[in-house]
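See structure below.
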Amino acid sequence: MRPVIIAANWKMNTTPADAGDLARTIASRTREPGVVRVICPPFVCLAAVRDALDDPGLAAPDGGRAAVGAQDVHHEAAGAYTGWTSAAMLAGLATWTIVGHSERRRDAGETDGVINGKVRRAQEARLHVILCVGERLAEREAGQAERVVRDQVRGCLDRVGAPAPADQDVDWGAVPWLTIAYEPVWAIGTGRNARGADAAAMAGVIRETLGELGFADRGEAIPVLYGGSVTSANIGEFLAEPSIDGALVGGASLKPDEMAGIVARAGVTAAARLEAGSRPGEGTRRDAAPTS
Ligand code: PEP
């Protein structure tokens with residue numbers, strides 16, 4: 001049974017003075033059993049968010065704690081890279097990281113090859129990775145969306161494997177080390193979101209590609225999230241798709257009311273999956289989520 005994950009990407013917002021309060025407010029209002037919550041603040045706010053979330057009172061009734069994630073890591077382990085942050089430096093600060101976000105592909109010129117290095121360094125540092133992929137509007141309009149996403153998955157995960165032999169002994173908990181976020185670039189921060197069916201079709205393409213790359217069980221165990229102008233009003237459309245396992249949320253993740261609504265809806269899917277998985281004779285991956 002794949003986990004249901006809601007990850008908050010705060011981008012370049014908040015300061016060390018206010019990030020802890022925001023994280024605490026969000027965590028206290030999203031205590032849904034079965035939902036994996038991840039908050040990804042700017043690097044300078046990681047310690048404040050970690051400290052704020054280190055409060056047993058913010059755990060969900062099933063004991064689930066909100067985790068801390070970074071928004072990026074460098075593709076090399078160490079060296080003369082002024083201003084950058086390596087995966088290993090996150091020890092004690094974060095247990096997750098986003099890599100390959102389209103804003104970094106756009107603004108920092110990150111290629112699939114560079115992102116491949118980031119995935120490897122993060123995996124070596126035992127971080128859960130959220131790998132972002134997604135096509136631009138012109139590519140979708142030219143009928144190239146599937147090819148673009150397939151190429152990104154191949155390039156970013158080339159020779160990565162699942163898990164690498166050295167990781168066989170790592171306890172990743174109930175959540176695999178890798179999660180993929182399908183984020184059509186034209187839907188990020190624009191208020192324009194894809195349809196649930198588009199996201200589901202792309203999840204199929206992603207898992208097919210994972211299978212070609214040799215991921216176990218043809219990639220069926222790897223969570224696929226949707227990202228792109230997700231709100232409490234539209235999250236239901238995505239979670240109604242059995243192949244979509246949650247969301248990477250940008251703008252709305254800074255608003256506690258929005259996060260409360262998004263995670264509440266995710267809790268419905270998590271409960272439905274748990275119930276379907278525990279029914280005798282039911283496949284553990286069947287998502288019995290309602291259709292809205
Ligand atoms: C993101 O930052 O990954 C994102 C999806 O942003 P937004 O929700 O604002 O579109």
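Both counts, for ligands and for their atoms, begin at 1 and track the order of listing. The model shown is predicted, which means the values in this text are computed figures rather than measured ones. Keep in mind that the numbers below use all heavy atoms, side chains included, and drop hydrogens, waters and symmetry copies. Numbers here simply count residues along the sequence, with the first being 1.
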Counting only heavy atoms not in [X], do more than 12 sit closer than 6.0 Å to its [atom1] atom?
X	atom1	value
Arg195	CZ	no
Arg218	CZ	no
Lys255	NZ	no

For a quick test of your reading: what N or O donor-acceptor pairs under 3.5 Å do the side chains of residues 48-55 make, sequence neighbours left out?
residue: Arg50; atom: NH1; partner: Gly92; partner atom: O; Å: 3.1
residue: Asp55; atom: OD1; partner: Gly57; partner atom: N; Å: 2.8

Using a cut-off of under 3.5 Å, which N/O atoms of ligand 1 pair up with protein N/O atoms, and what distance separates each pair?
residue: ligand 1; atom: 2 (O); partner: Asn9; partner atom: ND2; Å: 3.1
residue: ligand 1; atom: 2 (O); partner: Lys11; partner atom: NZ; Å: 2.8
residue: ligand 1; atom: 2 (O); partner: His101; partner atom: NE2; Å: 3.0
residue: ligand 1; atom: 3 (O); partner: His101; partner atom: NE2; Å: 2.9
residue: ligand 1; atom: 3 (O); partner: Glu183; partner atom: OE1; Å: 3.0
residue: ligand 1; atom: 3 (O); partner: Glu183; partner atom: OE2; Å: 2.7
residue: ligand 1; atom: 6 (O); partner: Lys11; partner atom: NZ; Å: 3.2
residue: ligand 1; atom: 8 (O); partner: Ser229; partner atom: N; Å: 3.4
residue: ligand 1; atom: 8 (O); partner: Gly250; partner atom: N; Å: 2.9
residue: ligand 1; atom: 9 (O); partner: Gly251; partner atom: N; Å: 2.8
residue: ligand 1; atom: 10 (O); partner: Gly189; partner atom: N; Å: 2.6
residue: ligand 1; atom: 10 (O); partner: Ser229; partner atom: N; Å: 2.8

Geometric class of the Trp84/His74 ring pair [parallel <30°, tilted 30-60°, perpendicular >60°]: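 Plane angle over 60°, so perpendicular.
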Polar side chain donor-acceptor pair, Trp10 to Gln71, under 3.5 angstrom: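 The answer is no; no qualifying pair exists.
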